[in-house]
Amino acid sequence: MRKKEWLKSVYSDSTENFVSNPYPKKGEIVTFSLRMLKNDDIRHVFLRAREYGVECLHEMKSLHEEDALVYFEVNIAIRDTYFNYQFYLVTDDCIYYYAQYQITDYILGEDHDFVLLADYEAPSWVKNSVFYQIFPDRFCNGKPELNVKTGEYTYQGFSPTEEQWNIPAKNYAEGHNLDFHNGDLYGIIEKLDYLQDLGITAIYLNPIFVSPSIHKYDALDYFHIDPHLGGDEAFALLIQELHKRGMKLLLDISINHTSSSAKWFNKGAEFYPETEGAYNDKNSPYRGFYFFNDDNSYSAWFGVDTMPQLNYTSQKLRDIIYRAQNSVLKKWMLPPYGIDGWRFDVADCMARNETVDVHDEVLCEIRKELKAVNKDIYLLAEEWADCSCDLKGNRWDATMNYFGVGRALREFAGAKDLYNERNDILRSLEIPLTAQQLASRITQFLALVPGAIQLQQFNLIDSHDVLRLHKIKSVTDSSLKAALLLQFTLPGTPSVYYGDEIFIDGKDVTGDDSGCRYPFDWNWHKNKKSVEMHSFYQKLIRLRRTEKTLSDGSFCIVSAESFTIVTARFTRTEVIFTIVSRDKDKRTVNLPVRYFGLAASKVTADVFGTPVQSVVNEKDCSLVVTVPAGAGYVVKIC
């Protein structure tokens, strides 16, 4: 064996492949494992942890071997709710320190430790799911009689328009978020067969509460579903039909702010009597729900005066939003509804501004209250940046994984970073993301998150807030498919934004939300490119749902050079390699099969039947794969 080759093969994590129970109870004895290639260098292996704040070393024993690998194990009683640990690998001339992020020859801090969460209430269904995000107004019209009519009301100085289904969405200057294509909940029910045929197991539904806008993030009333979408009755029916099919529903809500025309606020008296609401009456029971100044000015989300921010120093507000049994969040979790998850809009801003900050307190309270109703509820937060501090087991179950997946994969595919493109200077720079940089972007985030939570991250590429990747001119079809292969094989649960599977139309205009909110084309089957992409998505979804290794397996970056990256998801009996290239030239990659305890054998096709050119390197027992420019493969070895 080459000197220190064994060091490259060292691996452990907190999945079921390396701990006896990834979801232990406090006090439970757990077996921890670490594996590496057999070698003559290792003298001792220790698991280092903190227990009640005290640093403890547990020596691990070499208890068994599997092919070329040796496994070290130790049993430890988990006494802390947050059990963080790392490994010490001792040779005659060096001590190596191994945490989630890297192996070093110097003592590491604890911010990248492996973590096991005791008594953590994980939403058990999420890691096995494939989500489909629906923007209700643009998906399907099931009952035209529910349509919003042109001129039906006035909202903030503008009136709605009833649009024909097949015309493009209007930008804000033209439509003011009042251009209704009139998709509704009955339309979603009508298309459940379509979604199941695609392979979808869960729907993420943008807000549907009473609201005059198309997006409905400006709720008038949280306690009822908008009648133009079908009202409470249609929502109950939708959930009933989903649950009959074994499907789940994740519902979007913004409890950071309401509409300025909301029942509680009622500025302008557009929908409620002028005598009601906190804006009109300083003695209103809702006055404390908002941040008012003496002159009746108020705090609003990002200064948008039509979206006044809710004030969570108010105990009454906390009761009505999430603490009381008949609160907003609990109402929709209970019969006759029974949603399976909440997605919290602008969660990073919630319960804090320049005046107060009760963000951490409120997040912990929300989790405690909702998990008491249903421990399987999925609590998903909108976050775009590093939010690992909220993913420690006591707040959110997951975030919309822009930071660890969405932003990184989009940039690797040829788009600009979602934050950088907002700045004129940064947007003007043409700096492609290399495979090495992509690998670092992925691993730096995973290194900060407990293993159990990694597996339930909400991995997306597109959403209602970003340009569709396939409509960006700098993104080729091959780089789009490369991003999708990675999305569906990285740790976490993948989400498909409605219409991506059929190459739905849209615009490539930064800052124009309408470009990613076109109505679904239900004549997609007449377009060859749409049919081909639909088939590709079906294959990806089928793979993700049928391969347990992709829902529960361990993960590592195998190699990353130039613009070609190789990742692996694996158990003790199989490994799935994802190989994607954005290179302009042909490359070869080495798959170190024996690092995974398996024997190398020639592969002629990947899991989708795509031909693969490979040879076995007898010298190091690796599989050498030739990767043409722009190619992508998913190779399974067992």
Taking only distance into account, with no hydrogens and no angle test, what donor-acceptor pairs under 3.5 Å do side-chain atoms of residues 285-293 form with protein atoms, sequence neighbours excluded?
{"residue": "R287", "atom": "NH1", "partner": "A278", "partner atom": "O", "Å": "2.7"}
{"residue": "R287", "atom": "NH1", "partner": "N296", "partner atom": "OD1", "Å": "2.9"}
{"residue": "R287", "atom": "NH2", "partner": "N296", "partner atom": "OD1", "Å": "2.9"}
{"residue": "Y290", "atom": "OH", "partner": "T258", "partner atom": "OG1", "Å": "2.9"}
{"residue": "N293", "atom": "ND2", "partner": "S297", "partner atom": "OG", "Å": "2.8"}

Discussion item. Side chains of Q487 and N459: any donor to acceptor distance under 3.5 Å?
Written reply: no
Worksheet entry | Note, D397 side chain near I453 side chain (heavy atom, < 4.5 Å) | no
Item to complete: Could you give me the CA-CA distance, side-chain angles and deciding distance for C349 and W301, then say whether side chain to side chain contact (heavy atoms under 4.5 Å, CB included) is met?
Response: CA-CA 8 Å; C349 306; W301 178 66; 3.6 Å; yes
Discussion item. Can a donor-acceptor pair be found, under 3.5 Å and without considering hydrogens, that links the side chain of W522 to the backbone of F139?
Written reply: yes
Worksheet item: So, do T493 and Q456 sit near enough that their side-chain heavy atoms are less than 4.5 Å apart?
Response: no
Worksheet item: Do you know the tightest heavy-atom contact between A398 and Q457?
Response: CA-NE2, 3.4 Å
Discussion item. Are W332 and F235, when compared by the centres of their aromatic rings, separated by less than 6.0 Å?
Written reply: yes
Practice prompt. On the 0 to 90° scale, with breaks at 30° and 60°, tag the H112-Y101 ring pair as parallel, tilted or perpendicular.
Written response: parallel
Worksheet entry | Nearest heavy-atom neighbours spanning A236 and P336 | CB-O, 3.8 Å
Worksheet item: In terms of side-chain heavy atoms, does S259 have a donor or acceptor partner in Y217 at a distance below 3.5 Å?
Response: no
Fill in: Polar side-chain atom of S327 near backbone of I320 as donor-acceptor pair, under 3.5 Å
no
Item to complete: Count the heavy atoms belonging to other residues, nucleotides or ligands that lie under 6.0 Å from CD of E274, then report whether that count exceeds 12.
Response: no
Worksheet item: If you round to the nearest 0.5 Å, how far is CG of L409 from CG of L438?
Response: 6.0 Å
Worksheet item: How far does CZ of R517 sit from OG of S463, to the nearest 0.5 angstrom?
Response: 8.5 Å
Worksheet item: Under 4.5 Å between any side-chain heavy atoms of Y186 and L237, yes or no?
Response: yes
Practice prompt. Scan for side-chain hydrogen bond (donor to acceptor under 3.5 Å, both in side chains) pairs involving residues 158-168, sequence neighbours excluded, and state none if there are none.
Written response: N147-E162, T161-E163, E163-K170
Item to complete: List the atom of I377, the atom of P123, and the distance in Å for their closest heavy-atom pair.
Response: O-CB, 3.9 Å
Worksheet entry | Distance flag, aromatic centroids of F503 and W524, threshold under 6.0 Å | no
Discussion item. What I'd like to find out is whether the side chain of E382 reaches to under 4.5 Å of the side chain of D252, using heavy atoms alone.
Written reply: no
Practice prompt. On the 0 to 90° scale, with breaks at 30° and 60°, tag the H464-Y204 ring pair as parallel, tilted or perpendicular.
Written response: perpendicular
Item to complete: Kindly indicate whether a cation-pi arrangement holds for R468 with Y498, taking the cut-offs as under 6.0 Å to the six-membered ring centre and within 45° of the axis.
Response: yes
Practice prompt. Answer with yes or no whether the side chains of T201 and K248 bring together a donor and an acceptor at under 3.5 Å.
Written response: no
Discussion item. Side chain to side chain contact (heavy atoms under 4.5 Å, CB included), that's the test. Do K267 and S261 meet it? Break it down for me.
Written reply: CA-CA 5 Å; K267 180 181 180 181; S261 295; 6.0 Å; no
Discussion item. For residues 416-432, which residue pairs pass the salt bridge (charged side-chain N to carboxylate O under 4.0 Å, His left out) check, not counting sequence neighbours?
Written reply: R407-D417, K416-E430, D417-R441, D424-R427
Practice prompt. Starting from the C-alpha separation in whole Å, work towards a yes-or-no answer on ring-ring contact (aromatic ring centres under 6.0 Å, His included) for F209 and F223.
Written response: CA-CA 7 Å; F209 304 105; F223 286 96; 9.1 Å; no
Worksheet item: Between N182 (side chain) and V148 (backbone), is there a donor-acceptor pair under 3.5 Å?
Response: yes
Discussion item. Whether E276 and K263 form a salt bridge (side-chain N of Lys/Arg under 4.0 Å from carboxylate O of Asp/Glu) is what I want to check.
Written reply: no
Discussion item. So that I can tick it off, tell me whether R395 and D360 are bridged by a salt bridge, with the cut-off set at under 4.0 angstrom between side-chain N and carboxylate O.
Written reply: yes
Discussion item. Can you confirm whether L429 is buried at CG, in the sense that more than 12 heavy atoms of other residues, nucleotides or ligands lie under 6.0 Å from that atom?
Written reply: yes
Item to complete: Answer yes if the side chains of N171 and D512 hold a donor-acceptor pair under 3.5 Å, and no otherwise.
Response: no
Practice prompt. May I ask you to check whether over 12 heavy atoms, not counting those of D295, lie within 6.0 Å of atom CG?
Written response: yes
Discussion item. With rounding to the nearest 0.5 angstrom, report the CG to CD distance, L238 to E233.
Written reply: 12.5 Å
Fill in: Aromatic plane relationship, W125 with Y378 - under 30° parallel, 30 to 60° tilted, over 60° perpendicular
perpendicular
Item to complete: Please examine the side chains of L205 and I188, heavy atoms only from C-beta on, and report whether any two atoms are closer than 4.5 Å.
Response: yes
Worksheet item: What pairs meet the salt bridge (charged side-chain N to carboxylate O under 4.0 Å, His left out) rule with one or both residues in residues 135-145, with sequence neighbours excluded?
Response: R138-D179
Item to complete: Would you kindly say whether Q100 and D113 are connected by a side-chain donor-acceptor distance under 3.5 Å?
Response: no
Fill in: Pairwise side-chain contact, Y312 with I321, heavy-atom cut-off 4.5 Å (strictly under)
yes
Worksheet item: At what distance, to the nearest 0.5 angstrom, does CG of L480 lie from CG of L484?
Response: 4.5 Å
Worksheet entry | is_close_aromatic(Y322, W342), centroid dist under 6.0 Å | no
Item to complete: Mind checking the CG-CG spacing from D465 to L418? Nearest 0.5 Å is all I need.
Response: 9.5 Å
Worksheet item: Hey, is R343 close enough to D345 for a salt bridge, meaning N to O under 4.0 Å?
Response: yes
Worksheet entry | Any side-chain donor near an acceptor of the partner, Q309 and S299, under 3.5 Å | no
Worksheet, complete the sentence: Of all heavy-atom pairs linking F488 and V496, the shortest is CZ-CG2, 4.0 Å
Fill in: Rounded distance [0.5 Å steps], CZ in F180 versus CD in E152
8.5 Å
Fill in: Listed once per pair and sorted, the salt bridge (charged side-chain N to carboxylate O under 4.0 Å, His left out) pairs that draw on residues 314-323, sequence neighbours left out
R318-E361, R318-E365, D319-R323, R323-E365
Worksheet item: Could you walk me through whether Y279 and S284 pass the side chain to side chain contact (heavy atoms under 4.5 Å, CB included) check?
Response: CA-CA 8 Å; Y279 186 80; S284 167; over 6 Å; no
Fill in: Ring centres under 6.0 angstrom apart (F265, Y298)
yes
Worksheet item: Going by atom types only, do S254 and N256 share a side-chain donor-acceptor pair under 3.5 Å?
Response: no
Discussion item. Per the salt bridge (charged side-chain N to carboxylate O under 4.0 Å, His left out) rule, what does the pair list look like for residues 213-226, sequence neighbours excluded?
Written reply: K216-D226
Worksheet item: Heavy-atom distance under 4.5 Å between the side chains of I203 and Q133, does that happen here?
Response: no
Worksheet item: How close do H228 and L146 get, heavy atom to heavy atom, and via which atoms?
Response: ND1-O, 2.7 Å
Worksheet entry | Heavy-atom pair with the smallest gap, counting every atom of D294 and K282 | O-NZ, 3.8 Å
Worksheet item: Hey, are the side chains of T399 and D390 touching, using non-hydrogen atoms and a 4.5 Å cut-off?
Response: no
Practice prompt. For the residue pair D376 and S124, confirm or rule out a side-chain donor-acceptor distance under 3.5 Å.
Written response: yes
